[in-house]
Each structure stands twice: as structure tokens, then as C-alpha cells.
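As C-alpha cells, the structure follows; a few thoughts come after it.
For the numbers below, each heavy atom of this structure counts, side chains included, while hydrogens, waters and symmetry mates do not.
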Amino acid sequence: MEICKRVHANNLVRWAKDKPEVLVLSADLTSSCEADSFRDTYPDRFFSMGIAEQNMLGFAGGLAREGFVPFVHTFAVFIYRRALDQIAMSVAYPNLPVKMIGFLPGVTTPGGATHQAIEDAAIMRALPNMTVLEVGDATEVENVLQIAYDIPGPVYVRMLRGEVPRLFQTPMELGKARKLTEGDDLVIVSAGLCTEECLRAVKVLETNGIQASIYHISTLKPFDYPEIVAHIARSRYGVISLENHTVVGGLGSCLAEAMAEAGVGKKLIRLGIQDQFLHGASRSYLMKEYGMDVNALLSAVERAVGRSLLIREEDVGQVFLPAALSDAKPEAL
């Protein structure tokens, strides 16, 4: 597996070279959000707004009204928790092209409840005119800027930083799911870093004769995947969702809404953060503690199919876990 470092930092500089209308705003977390290379390369297109997220989002709305395309960079929690009113009234209501790049979604930080964005997708997708995206690997980190840029209104991105594995070779596409495996026994739908956990389970499922289709979702709003809903309808055991987010209003809720509207009466098991705040700890610990890793997924499969799986340690694939103290500082604040 290819491991890429500071993918967003390098890509942002390269991608924005011929786009003078693209500006970057930071809230005193420039290097932590991989915007430092852009600052150094295009200093006249970079604004350091200080620890003042409400002002930053209002300022971004004003820039957008003047024909610029501002890319707001900060930790995800400081976007939607600190500046929700400004996002709603100064960005979403006038449908302005402000692109919000939110870092440290869910369990990707040990900073505890103050820094872990666990309900951001639920809140942001409730705003009219808002598009919500989530990247799952280095390829999608590289593609998401152009996708966000091409959308005429506001966009919120759940971004990864530091050392990021490359899982996919084809570009991310707006509103299109990636179908990673094929099978009609069970459907598994995941987003973000949870897809890597799903891929760890493939061999175990095959060994146990379970043919499962795994879908990776990068567009959380608009959520329009009739092919997935149809696949769930013809599946034998239903669907399992796995997300780095609370199950209240996130990917699992999106699936439930789509299934109900289509009249699909299959079983849905939602894995993710179960309506609770998280402790501060490493990503691997948090994913295991809160039932978001491959073991939680395999337990959910057992519940879905009604039998125990023959799980051997060597059958569970390995996941890339960046060292918290590496030079990329993937989990540092």
C-alpha cells in the first residue's frame, strides 16, 4: 500500500497555481491544516484570521460575493460548532461558493470531545444549499479540491491529513459510490477512513461463504444512490453502515431515509459513534472502543446472518495506522 505524506499541502499548491480567484483562510492552525505551503507560495492569496472562526466565515462570505472562491481551513469542530450562524446566514442562505475544509473528523484526533468532530456531517447536511463531502484516501484528497471548486454553492469537506494511504486508483466523482466488492448476501456501506476497515474483512467474509458488496461513499449530501438501495432490496441479509461519525444523522441515517422512501424493508445495522462523546485517545483505540473497527463490523455481520464466523487472526487484513509522533503528526493538535 502506498502511503502519502501531506497530500493536501502539496496538492493545494499545485492545483491552485492557475486559479488566482482561489484564496485560503486559516484560523491560526495553518500548518496543522496543511495550508502552510500555500501561504509560503502565494502569500498575497492567504489570510490568517486568528482564532476567530465566526469572523472568518463572515469574511469568507464577503470575499465570495466579490468573485473570489475562499477555501476555509481549520479543524472541523471550529467550523460548524463555532460559526454555524455565520455559515447559515452569510454562506448557505445566499448560496455562496465558500469551501470549508474541516480537519480531524471523528476519531482522527486524541483531543477529546472539544476537538473531535462527531456530528458535523449531520449538522452541515441539514443546511439548505450545502454539499457535504468526505475523503477516504490520498486519491480522494487530491481530487476533492476540484470537485468542491466546480460546485457553485457552499461545500463542506471532511478532510484527512498527515500520512494517508492510497486505496483507490480512479478519481473521486461527485455523487458516485465506489463499488469495491460484489455479492448479494449482504451490503456494506462505509465512508472516510472506515472503508479501510471494511476491506480488512473481505477475506474473512469469503472464507465463510458470505458474498458481500462493499460500497464507499464520498458524497454525503446530496445522497442519491438508487443503485445501492436497489442492491439492498435484493440482498439476502440487508445492509451494514460503518462511519467515523455519530449514527444520528450521519451515513446510517442517510441510508435509513433512502430505504424508507424507496419502501425497502431490509435490516439496517448502523455502526459508528452511538450517541455519545468520545474519550481522548489514539485512533486505533477509539475505533475499537466505540465499535468502529473490523472486529465490530464482523460482529455485526454475525448478527445479520445469524451465525458465528470462523475468524482467524491471519484472515483479518492489516490497516495502516500512522504513528502519532511521526514527522507528519497525523494526530497531533
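Of the possible donor and acceptor atoms, none in the side chain of N208 sits under 3.5 Å from a partner among the backbone N and O of I210. Judged by distance alone, the side chain of K266 and the main-chain N or O of S235 form a donor-acceptor pair under 3.5 Å. Side-chain atoms of K179 never come within 3.5 Å of backbone atoms of Y215 as a donor-acceptor pair (strictly under, hydrogens ignored). Formation of a donor-acceptor pair under 3.5 Å by the K288 side chain with backbone atoms of V294 is not found in this model. With hydrogens and angles ignored, the 3.5 Å screen pairs no side-chain donor or acceptor of R125 with any backbone N or O of D120. No donor-acceptor distance shorter than 3.5 angstrom exists from the side chain of Y80 to the backbone of A121, with no hydrogens or angles considered. In this structure a side-chain-to-backbone donor-acceptor pair under 3.5 Å is missing from E289 to Y285. Put simply, the side chain of N129 gets close to the backbone of A92: a donor and an acceptor are under 3.5 Å apart. In this structure, T108 contributes its side chain and P105 its backbone to a donor-acceptor pair below 3.5 Å. Between the H231 side chain and the G183 main chain, a donor and an acceptor come within less than 3.5 Å of each other.
Annotation for I217 and A177: closest pair CD1-CB, 3.7 Å, computed over non-hydrogen atoms. Counting all heavy atoms, side chain and backbone alike, Y156 lies closest to A76 at OH-CB, 3.1 Å. Closest of all the heavy-atom pairs between A304 and L186 is CB-CD1, 4.2 Å.
Look at E197 and R200 and you find a salt bridge, because one of the NZ, NE, NH1 or NH2 atoms lies within 4.0 Å of a carboxylate O, short of that distance. One finds no salt bridge joining E34 and R161 here, because no Lys/Arg side-chain nitrogen approaches an Asp/Glu carboxylate oxygen to under 4.0 Å. Taking the charged nitrogens against the carboxylate oxygens, K176 and D224 have no contact shorter than 4.0 Å, which rules out a salt bridge.
Residues H73 and F38 place their aromatic rings such that the two centres sit no closer than 6.0 Å.
Both cation-pi conditions hold for K19 and W15: the charged atom is under 6.0 angstrom from the six-membered ring centre and inside a 45 degree cone around its axis. Geometrically, R178 engages F168 in a cation-pi contact defined by less than 6.0 Å to the ring centre and at most 45° from the axis.
Looking only at atom types and distance, the side chain of E21 has a donor-acceptor partner in the side chain of Y149 under 3.5 Å away. When only modelled atom types and interatomic distance are considered, T195 and H216 share a side-chain donor-acceptor pair under 3.5 Å. There is a side-chain donor-acceptor pair under 3.5 Å between R166 and T139. Side-chain contact check for S26 and S48: no donor-acceptor pair (N or O, by modelled atom type) lies under 3.5 Å.
H245 places none of its side-chain heavy atoms less than 4.5 Å from the side chain of I273. Looking only at side-chain heavy atoms (C-beta outward), C4 and V7 come within less than 4.5 Å of each other. Between V107 and Y290, the closest side-chain pair of non-hydrogen atoms is not below 4.5 Å.
L193 pairs with exactly one of V135, V164, N244 by the side chain to side chain contact (heavy atoms under 4.5 Å, CB included) rule, that one being N244.
Cluster membership for V248 and F277, using ILVMFWY side-chain heavy atoms within less than 4.5 angstrom, is not shared. Taken together through direct or relayed side-chain contacts under 4.5 Å among Ile, Leu, Val, Met, Phe, Trp and Tyr, V247 and I188 form parts of separate hydrophobic clusters. Under a hydrophobic-cluster definition in which Ile, Leu, Val, Met, Phe, Trp and Tyr are linked whenever side-chain heavy atoms come within less than 4.5 Å, directly or via other members, L199 and I3 are assigned to the same cluster. In the hydrophobic cluster analysis, where Ile, Leu, Val, Met, Phe, Trp and Tyr join through side-chain heavy atoms closer than 4.5 angstrom, I151 is grouped together with V91.
Note: F78 and F75 have parallel aromatic rings, judged against thresholds of 30 and 60 degrees for the angle between ring planes.
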Decide salt bridge (charged side-chain N to carboxylate O under 4.0 Å, His left out) for R81 and E119; before the verdict, give the C-alpha distance in whole Å, the side-chain angles of both, and the deciding distance to 0.1 Å. CA-CA 10 Å; R81 285 187 188 167; E119 76 281 27; 3.1 Å; yes

